[in-house]
Student: 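Handing you this structure, nothing more for now.
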Amino acid sequence: MFKKNHVHLQIKKGEVRAIYLETDSSIVRTCAALSHPRTLMGEFFAIERCLKDVLDELLPKSFFSLSPIAIVQFIEKIEGGITNVEVRAFREATLGAGARHVFFAESSTPISKSQLLNFNFKQIEQP
C-alpha cells in the first residue's frame with residue numbers, strides 16, 4: 001500500500017546530486033554551505049535546508065509515500081578524511097531534511113542503482 005522511496009545523495013564540495021532510485025530521476029544542486037575550506041560540513045542548518053529542498057523537489061508528493069531511505073555517499077576525498085562528528089552531522093541534517101533512515105556508503109566512487117537496491121541495508125553500521 002505504501003510506496004517505498006530510496007534516495008542516493010552524492011555529496012561533494014559545493015554540490016549535492018540526488019538520485020531517486022525508484023524512477024531514476026536525479027537533480028544536482030549547488031550548496032554554498034558545502035564549500036568550507038577545511039571540512040565538508042560547513043553550516044549545519046544551511047546544509048539541512050539544501051537537503052530538504054533537494055528531497056522536496058525530487059520526491060513525489062503523495063499521501064501514501066513513506067519518508068525516504070537515504071544513502072549518503074561522500075564523492076570527494078577530503079584531506080584527513082571525514083570525521084565521526086561530520087558523519088553524525090550529515091546524518092542529523094539528512095534526518096532533519098525528511099529522511100526516515102540514513103545509511104552511508106563507504107566507497108568514494110559512484111555506486112550503481114542495482115548495487116544500491118540489492119544491498120542489504122542491515123549490514124551498514126550507523127555511527
Side-chain angles (χ1 to χ4, degrees):
M1 175 173 188
F2 288 102
K3 181 180 177 188
K4 290 187 177 182
N5 295 316
H6 294 88
V7 177
H8 182 204
L9 297 170
Q10 297 174 344
I11 297 175
K12 63 181 185 177
K13 283 256 187 219
E15 76 176 35
V16 175
R17 178 175 186 203
I19 304 163
Y20 181 37
L21 298 178
E22 277 69 27
T23 63
D24 284 332
S25 58
S26 67
I27 59 173
V28 177
R29 290 289 177 264
T30 58
C31 183
L34 292 170
S35 298
H36 192 277
R38 291 186 312 249
T39 178
L40 195 54
M41 175 53 79
E43 184 183 340
F44 176 84
F45 292 110
I47 291 172
E48 182 181 56
R49 181 78 234 162
C50 179
L51 294 174
K52 180 164 180 39
D53 291 344
V54 165
L55 293 179
D56 286 348
E57 185 175 338
L58 185 65
L59 297 174
K61 316 288 188 273
S62 171
F63 184 72
F64 293 106
S65 292
L66 294 171
S67 296
I69 295 172
I71 301 103
V72 176
Q73 183 179 18
F74 303 111
I75 299 298
E76 287 185 2
K77 294 281 187 185
I78 304 297
E79 185 178 331
I82 303 291
T83 67
N84 288 339
V85 173
E86 288 176 298
V87 170
R88 180 160 184 182
F90 273 103
R91 176 190 298 115
E92 294 298 324
T94 307
L95 290 171
R100 179 168 36 118
H101 295 292
V102 180
F103 299 100
F104 293 90
E106 293 184 11
S107 172
S108 63
T109 58
I111 301 171
S112 73
K113 175 184 174 178
S114 62
Q115 289 173 314
L116 288 169
L117 289 177
N118 292 326
F119 195 82
N120 181 0
F121 291 113
K122 292 182 169 98
Q123 292 177 352
I124 299 177
E125 259 322 293
Q126 292 188 13

Student: Is the backbone of Val16 close enough, under 3.5 Å, to the side chain of Gln10 for a donor and an acceptor to pair up by distance?
Tutor: no
Student: Measure across Ala33 and Ala46 and return the closest heavy-atom pair with its distance rounded to 0.1 Å.
Tutor: CB-CB, 3.6 Å
Student: For the side chain of Asn5 and the backbone of Leu66, is there at least one donor-acceptor N/O pair under 3.5 Å apart?
Tutor: yes
Student: Do Met41 and Ile75 share a hydrophobic cluster, counting only Ile, Leu, Val, Met, Phe, Trp and Tyr and linking them when any side-chain heavy atoms are less than 4.5 Å apart?
Tutor: no
Student: Begin from the C-alpha positions of Val102 and Phe90 and carry the test side-chain contact (heavy atoms from CB on, under 4.5 Å) through to its verdict.
Tutor: CA-CA 9 Å; Val102 180; Phe90 273 103; over 6 Å; no
Student: CD1 of Ile19 to CG of Asp24: how many Å apart, nearest 0.5 Å?
Tutor: 8.5 Å
Student: Could you tell me whether a side-chain N or O of Lys13 sits under 3.5 Å from a main-chain N or O of His36, the two making a donor and an acceptor?
Tutor: yes
Student: Roughly how far, to the nearest 0.5 Å, is the CG atom of Leu34 from the CZ atom of Arg29?
Tutor: 14.0 Å
Student: Between Tyr20 and His6, is there a side-chain heavy-atom distance shorter than 4.5 Å?
Tutor: no
Student: With a 4.5 Å limit on heavy-atom distance, are the side chains of Leu9 and Val7 in contact?
Tutor: yes
Student: For the residue pair Val54 and Ala18, what are the closest heavy atoms and their distance?
Tutor: CG1-CB, 3.3 Å
Student: For the atom pair NZ (Lys12) and CD (Gln73), what is the distance rounded to the nearest 0.5 Å?
Tutor: 11.5 Å
Student: When rounded to the nearest 0.5 angstrom, what is the spacing between CZ in Arg100 and CD1 in Ile69?
Tutor: 4.0 Å
Student: To the closest 0.5 Å, what do you measure between CG (Asp53) and CD (Glu48)?
Tutor: 10.5 Å
Student: Give a yes or no on whether Leu40 and Phe45 share a hydrophobic cluster (residues Ile, Leu, Val, Met, Phe, Trp, Tyr; joining criterion: side-chain heavy atoms under 4.5 Å apart).
Tutor: yes
Student: Heavy atoms only: give me the nearest Leu55-Ala99 pair and the separation to one decimal.
Tutor: CD1-N, 4.4 Å
Student: Is there a path of hydrophobic side-chain contacts, each under 4.5 Å between heavy atoms of I/L/V/M/F/W/Y residues, joining Phe44 to Ile82?
Tutor: yes
Student: Looking at side-chain heavy atoms only, is the closest gap between Ile27 and Arg17 below 4.5 Å?
Tutor: no
Student: If the plane angle is over 60° it's perpendicular, under 30° parallel, otherwise tilted; pick one for Phe104 and Phe74.
Tutor: parallel
Student: Would you name the heavy atoms of Thr94 and Ala70 that are closest together and state the gap between them?
Tutor: CG2-CB, 3.7 Å
Student: Nearest 0.5 Å please: distance from the CD atom of Glu22 over to the CG atom of Leu59.
Tutor: 9.0 Å
